[in-house]
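To keep things clear, I will list the structure first and then write my remarks on it.
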Amino acid sequence: MDPQGKSVFLTGGAQGLGRGIVEKLLSLGAKVLFCDVDVERGKATESELQTQYGADVVFFHPADVSDDEQHKAAFGMAVSKFETVDICVNNAGILNESNWEKVMAINAGAVIRGSLLALEHMRRDRGGRGGVIINVASIAGLNVNPACPTYCASKHAVIGFTTSWAMSPGQKDHAVRWCCLCPDAMETSMLKVTDIHYPEMLEEYLKDNGVMSVSQVADAVMKLIQDPDNNGAILEVTLKKGARYRRRQVVDRDGVNDLVIMDTY
Ligand SMILES: NC(=O)C1=CN([C@@H]2O[C@H](COP(=O)(O)OP(=O)(O)OC[C@H]3O[C@@H](n4cnc5c(N)ncnc54)[C@H](O)[C@@H]3O)[C@@H](O)[C@H]2O)C=CC1
Ligand SMILES: CC/C=C\C[C@H](O)/C=C/C=C\C=C\C=C\C(=O)[C@@H](O)C/C=C\CCC(=O)O
């Protein structure tokens with residue numbers, strides 16, 4: 001899908017990757033409404049982006065996406081501003097190993113709610129125009145990670161949910177494309193979080209693997225949006241190997257043993 005002239009709803013856009021994605025989309029001619037729980041930063045970001053791109057193409061709406069009503073109201077605001085939402089990016093996420101309920105509510109719960117809101121609005125078999133849902137997971141959703149088991153579980157949930165909807169027999173009728181983004185470490189405030197186990201393991205990991213810029217990862221999100229044939233894609237982005245699709249398939253290897261889930265590049 002070409003972002004030019006399209007309408008976007010994105011969560012967690014006040015800073016970090018969310019803001020980076022908003023900026024790329026605006027530069028490609030999309031209109032964006034983003035929400036965030038950080039009201040001060042959200043307003044400041046809205047003001048800076050309106051100055052750069054125009055007051056009628058980017059809007060901030062305060063919302064905590066772990067709250068059902070606030071999340072629905074923010075999505076509804078995007079629909080009423082733009083009439084339709086073509087692209088939904090469920091990006092808001094936190095890292096906090098001391099509060100597993102909150103991590104699951106934001107990283108998994110709000111991604112599920114946001115996806116279902118978008119699906120209901122977009123699905124062509126119920127009068128919508130189709131669209132794309134991008135769910136932000138992490139490389140941690142594909143690996144094990146003793147530094148942050150809860151975060152890791154929340155990101156595995158995002159990938160399982162997104163790829164399962166992508167394989168729905170109704171997907172062609174819905175005309176909604178489902179994609180997951182799995183970045184390696186990025187230079188954002190999340191990497192400053194200290195509430196993890198074994199911080200020295202993370203430090204070692206970052207030394208070996210490096211840290212990406214937000215811009216590099218936001219470019220990969222544009223690839224996800226623009227490629228029309230990537231329903232079900234898991235886009236892994238790392239500093240060393242760049243953006244690579246992993247495709248998840250359920251495979252019957254021999255007709256005898258259990259089906260297995262396989263990722264291929
Ligand atoms: N920074 C990294 O190394 C990586 C981050 N990610 C994922 O990227 C996404 C964006 O994270 P970053 O930009 O790195 O973090 P960040 O902390 O810089 O930005 C996250 C934004 O989400 C907002 N947010 C948090 N909870 C919210 C809530 N309940 N309701 C609404 N907004 C909320 C924050 O206020 C903030 O503006 C997250 O899903 C994160 O898990 C994935 C892989 C690597
Ligand atoms: C701790 C998570 C930090 C930020 C979250 C964000 O999503 C960043 C993710 C990117 C990479 C994080 C890697 C962290 C690695 C570690 O902390 C090591 O403990 C991992 C060690 C072994 C796991 C085996 C593996 O590498 O797959």
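Every number for a ligand or one of its atoms is a count from 1 in the order of the listing. Just so it is clear, the values below take in all heavy atoms, side chains as well, and ignore hydrogens, waters and symmetry mates.
- Remark: the backbone N or O of V214 is not paired with any side-chain donor or acceptor of R19 at under 3.5 angstrom.
- Residue contact check: A63 has heavy atoms under 4.0 Å from atoms 30 (N), 31 (C) of ligand 1.
- Note on ligand 1: G13 sits outside its first shell, no heavy atom being nearer than 4.0 Å.
- Residue nearest to atom 36 (C) of ligand 1, selected from D36, V136, L17: D36 (by heavy-atom distance).
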Practice prompt. Evaluate the side-chain contact (heavy atoms from CB on, under 4.5 Å) criterion for residues D195 and L95: first the C-alpha distance (whole Å), next the side-chain angles of each, then the deciding distance (0.1 Å), finally the verdict.
Written response: CA-CA 7 Å; D195 209 334; L95 172 64; over 6 Å; no
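- Checking each of T264, D263, T162 against R248 for a side chain to side chain donor-acceptor pair (under 3.5 Å) leaves exactly one that passes, namely D263.
- In this structure, N91 counts as a contact residue of ligand 1, since one of its heavy atoms falls inside 4.0 Å of the ligand.
- Here A137 has backbone heavy atoms under 4.0 Å from ligand 1, and that is the only part of it that gets that close.
- One finds a salt bridge joining D68 and R113 here, because a Lys/Arg side-chain nitrogen approaches an Asp/Glu carboxylate oxygen to under 4.0 Å.
- Heavy atoms of C182 found under 4.0 angstrom from ligand 1: none, in either backbone or side chain.
- Side-chain polar atoms of K81 and S7 form no donor-acceptor pair below 3.5 angstrom.
- Checked against the 6.0 Å centroid criterion, the rings of H61 and F34 do not qualify as a close aromatic pair.
- Which parts of ligand 1 touch I94 is read off a 4.0 Å heavy-atom cut-off, strictly below it: atoms 25 (C), 26 (N).
- An N or O contact shorter than 3.5 Å is missing between N107 and ligand 1 by distance.
- Looking only at atom types and distance, the side chain of N135 has a donor-acceptor partner in the side chain of S115 under 3.5 Å away.
- Ionic pairing of D173 and R124 is not present here: no N-O contact between side-chain nitrogen and carboxylate oxygen is shorter than 4.0 angstrom.
- A salt bridge does not link K207 to E203: none of the charged side-chain nitrogens sits closer than 4.0 Å to a carboxylate oxygen.
- Annotation: A185 places no N or O atom under 3.5 Å from an N or O atom of ligand 1; distance criterion only.
- Ligand 1 lies nowhere less than 4.0 angstrom from a heavy atom belonging to Q70.
- The distance from ligand 1 to the heavy atoms of S189 drops below 4.0 Å at these ligand atoms: 16 (P), 17 (O), 18 (O).
- In this structure, C35 has no heavy atom closer than 4.0 Å to ligand 1.
- Counting heavy atoms closer than 4.0 Å to ligand 1, residue D184 contributes backbone atoms (N, CA, C, O) but none from C-beta onward.
- Checked by distance only, ligand 1 and K155 come closer than 3.5 Å through their nitrogen or oxygen atoms.
- Considering backbone and side-chain atoms together, G18 places no N or O closer than 3.5 Å to any N or O of ligand 1.
- One finds no salt bridge joining D2 and K6 here, because no Lys/Arg side-chain nitrogen approaches an Asp/Glu carboxylate oxygen to under 4.0 Å.
- Using a cut-off of 4.0 Å between Lys/Arg side-chain N and Asp/Glu carboxylate O, R129 and E83 are scored as not salt-bridged.
- Residue contacts with ligand 1, taken as heavy atom pairs separated by less than 4.0 Å, do not involve R19 at all.
- Both the backbone and the side chain of V37 come within 4.0 Å of ligand 1, judged by heavy-atom distances.
- Not a single N or O atom of P183, backbone or side chain, sits closer than 3.5 Å to an N or O atom of ligand 1.
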